[in-house]
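Basis for what follows: all heavy atoms, side chains included, without hydrogens, waters or symmetry-related copies.
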Amino acid sequence: MNNIKPFSKTSFVQENIEQEHIRSVLNSRAEKRQQKKVKKKIFQQTVETTLRLTVNISISALAIFSVKELLPYHSVQQAKLAEIDGEIAKIRPRVERLEESFGATFDPQLSQKVMKQNTYKVDPNLRPIFFKDK
């Protein structure tokens, strides 16, 4: 009727051994879970690093290919620019002369002189001179 077990040394030692075994099993399971987490984290980092490297290498290859394609275009543009600079150097003296005469064109004091240079008309206030043969 009484369920109380008498205290015995062997049962106490046996319980300690069982508890120690349970603790060791739980510890080993926890270590395995921790190792799985670490392995999973390492795998994720490896995948991420691989993807980053792949993307960066592809971007670098694209940039190198683009520069390679643009170099001939750049040299053609430089040749055109040099040609335009040569034409500008040829035209510059004419432009300078026109700039000098531009001021005289709109100067009211020189309007009579400009009119004589550009047309056949003369000042209406002047009297024409006719030479007669003797």
Review item, side-chain donor-acceptor pairs of residues 62-75, under 3.5 Å, at least two apart:
from  : atom 1 : to    : atom 2 : distance (Å)
Ser66 : OG     : Leu62 : O      : 2.9
Ser75 : OG     : Pro72 : O      : 2.7

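- Under the 4.5 angstrom side-chain criterion for Ile, Leu, Val, Met, Phe, Trp and Tyr, Val76 has no cluster partners at all.
- Contacts of Val55 classified as side chain to side chain contact (heavy atoms under 4.5 Å, CB included), with partners at least two apart in sequence or in another chain: Ile59.
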Hey, can you pull the donor-acceptor pairs under 3.5 Å for the side chains in residues 28-49, sequence neighbours left out?
from  : atom 1 : to    : atom 2 : distance (Å)
Ser28 : OG     : Ser24 : O      : 3.3
Ser28 : OG     : Val25 : O      : 2.8
Thr46 : OG1    : Ile42 : O      : 2.7
Glu48 : OE2    : Arg52 : NH2    : 3.0
Thr49 : OG1    : Gln45 : O      : 2.8

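- Checked against Val95 for a side-chain contact (heavy atoms from CB on, under 4.5 Å), the options Arg97, Glu99, Arg92 give a single hit: Glu99.
- Within the structure, the salt bridge (Lys or Arg N to Asp or Glu O under 4.0 Å) test picks out no pair touching residues 77-90 (sequence neighbours left out).
- Here the straight-line distance linking atom CZ of Arg94 with atom CD1 of Ile91 works out to 7.5 Å at 0.5 Å rounding.
- Grouped with Ile88 in one hydrophobic cluster are Ile84, the linkage being side-chain heavy-atom contacts under 4.5 Å among Ile, Leu, Val, Met, Phe, Trp and Tyr residues.
- Gln19 contributes atom CD, which lies 11.5 Å from atom CG of Leu26 (distance to the nearest 0.5 angstrom).
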